[in-house]
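Note that this is a predicted model, so its numbers are computed, not measured. Numbers here simply count residues along the sequence, with the first being 1.
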Amino acid sequence: MTPKEVTKMENKYINPRFPHMIHGGDYNPEQWLHDKSIWDKDMELMTKANINELTVGIFSWAVLEPREGEFDFSFLDEIIDKIYANGGRVVLATPSGARPHWMADKYPEVLRVNKNLDRDHFRGRHNHCYTSPVYREKVRIINTKLAERYGKHPAVIAWHLSNEYGGECYCPLCVEAFRDYLREKYDNDIEKLNLAYWSTFWSHHYDSFEQVEPPHVLGENSIHALTLDWRRFVSLRHADFMRAEAETVRDVCPDIPITTNMMPAFYY
């Protein structure tokens, strides 16, 4: 095999430092902090199954930052070293897919407003607002600390951004961002929007961008162009949030590849 052919083969792999096909999956060892003997059994099973990669940290934010500004990376230190010692590698996740309870309690703006215009309570994953400056800043802080701590660890071969980006938020921050999106798209000319939306139908004419709301249960649902613009806007919100996460880890460790997992059934 010529050097050029070797280089072409190496380009198949996610990271040239680990030139192998990756075989593994999500691993949530923080669920077994009460009995770490399970970790040893996991390593044994990983070896028997010829697994060479585990994705860790996806839903570990509450362990990593149990109280605002108080960080504890001891479990990640231990499990990353253990995986590496057993011949495995790590795809390290940013934990933005599920925030700690203290954050929702102190900063309710990080929680989404649903289609009924009700603010969500703290619950399962992915109920955070992608527009919230508070949430974006908290994500930036934890991602930066993870990148600084583990970016040069020989076990870490890639970043996994968050988890299954998706969903929508109707909070005031998102509504105003949507209006800004429309202002830009329609050259700050409300009549261009009215023409595009054919808003004379049923007397749905808009007098200003401030009157425009996203389509929701209590409001406008009959203008198809509005629904299309909203879905495009939500997609752009996801992409922008993802881009911000990617830039944060790339600023610290630019040579480590980045990936994520998506939900194929989401239309946003």
| message | Among residues at least two apart in sequence or on other chains, which ones pass salt bridge (charged side-chain N to carboxylate O under 4.0 Å, His left out) with Asp120? | response | Arg123

| Can a salt bridge be assigned to the pair Arg231 and Glu168 using a cut-off of 4.0 Å between side-chain N and carboxylate O? | no

| message | Looking at Asp240 and Arg136, is there a salt bridge between them, counting it only when a charged N and a carboxylate O are closer than 4.0 Å? | response | yes

| query | Is the shortest side-chain N to carboxylate O distance from Lys82 to Asp42 below 4.0 Å? | reply | no

| message | Over 60° means perpendicular and under 30° means parallel, so tell me whether Tyr135 and His128 are parallel, tilted or perpendicular. | response | parallel

| Among side-chain atoms of Asn116 and Tyr170, is any donor-acceptor pair under 3.5 angstrom? | no

| field | Contacts of Arg67 that satisfy side-chain contact (heavy atoms from CB on, under 4.5 Å) - sequence neighbours left out | value | Glu70

| query | Is the backbone N or O of Tyr206 less than 3.5 Å from a side-chain atom of Asn194, with the two atoms forming a donor-acceptor pair by type? | reply | yes

| query | Do Val212 and Tyr186 sit in the same hydrophobic cluster, where Ile, Leu, Val, Met, Phe, Trp and Tyr count as joined when their side-chain heavy atoms come under 4.5 Å apart? | reply | yes

| said: Given 3.5 Å as the limit, does a donor-acceptor pair link the side chain of Asn86 with the main chain of Met43, or not? | reply: no

| message | Quick one, Ile83 and Arg89 - any side-chain contact, counting heavy atoms below 4.5 Å? | response | no

| request: Measure the acute angle between the ring planes of Phe201 and His204, then classify it against the limits of 30° and 60° as parallel, tilted or perpendicular. | output: perpendicular

| task | Examine Lys145 relative to Phe71 and say whether NZ or CZ is less than 6.0 Å from the centre of the six-membered ring and inside a 45° cone about the ring axis. | result | yes

| field | Lys48/Glu44 ion pair, N-O < 4.0 Å | value | yes

| Candidate pair Phe122 and His101, rule ring pair (Phe, Tyr, Trp, His ring centres under 6.0 Å), full reasoning | CA-CA 7 Å; Phe122 182 82; His101 212 308; 3.9 Å; yes

| task | With sequence neighbours excluded, tell me which residues meet salt bridge (charged side-chain N to carboxylate O under 4.0 Å, His left out) with Arg183. | result | Glu176, Asp180, Glu210

| task | Give a yes or no on whether the backbone of Asn188 and the side-chain of Glu184 come within a donor-acceptor separation of less than 3.5 Å. | result | no

| task | Indicate the atoms forming the closest heavy-atom contact of Glu245 with Ser162, along with that distance. | result | OE2-CB, 3.5 Å

| query | For Gln31, which residues count as a side-chain contact (heavy atoms from CB on, under 4.5 Å) partner, sequence neighbours excluded? | reply | Asn28

| Co-membership, hydrophobic cluster, residues Val175 and Leu226, 4.5 Å side-chain | no

| request: Among Ile, Leu, Val, Met, Phe, Trp and Tyr joined by side-chain contacts under 4.5 Å, find the other residues sharing a cluster with Phe59 and list them by chain and number. | output: Ile58

| Can you check whether Leu111's main-chain N or O pairs, donor with acceptor, with Arg119's side chain at less than 3.5 Å? | yes

| What's in the same ILVMFWY side-chain cluster as Tyr84, cut-off under 4.5 Å, chained through other members? | none

| query | Between Asn261 and Tyr165, is any side-chain donor less than 3.5 angstrom from a side-chain acceptor? | reply | no

| said: Tell me whether Asp81 contacts the main-chain N or O of Ala155 through its side chain, where contact means a donor paired with an acceptor under 3.5 Å. | reply: no

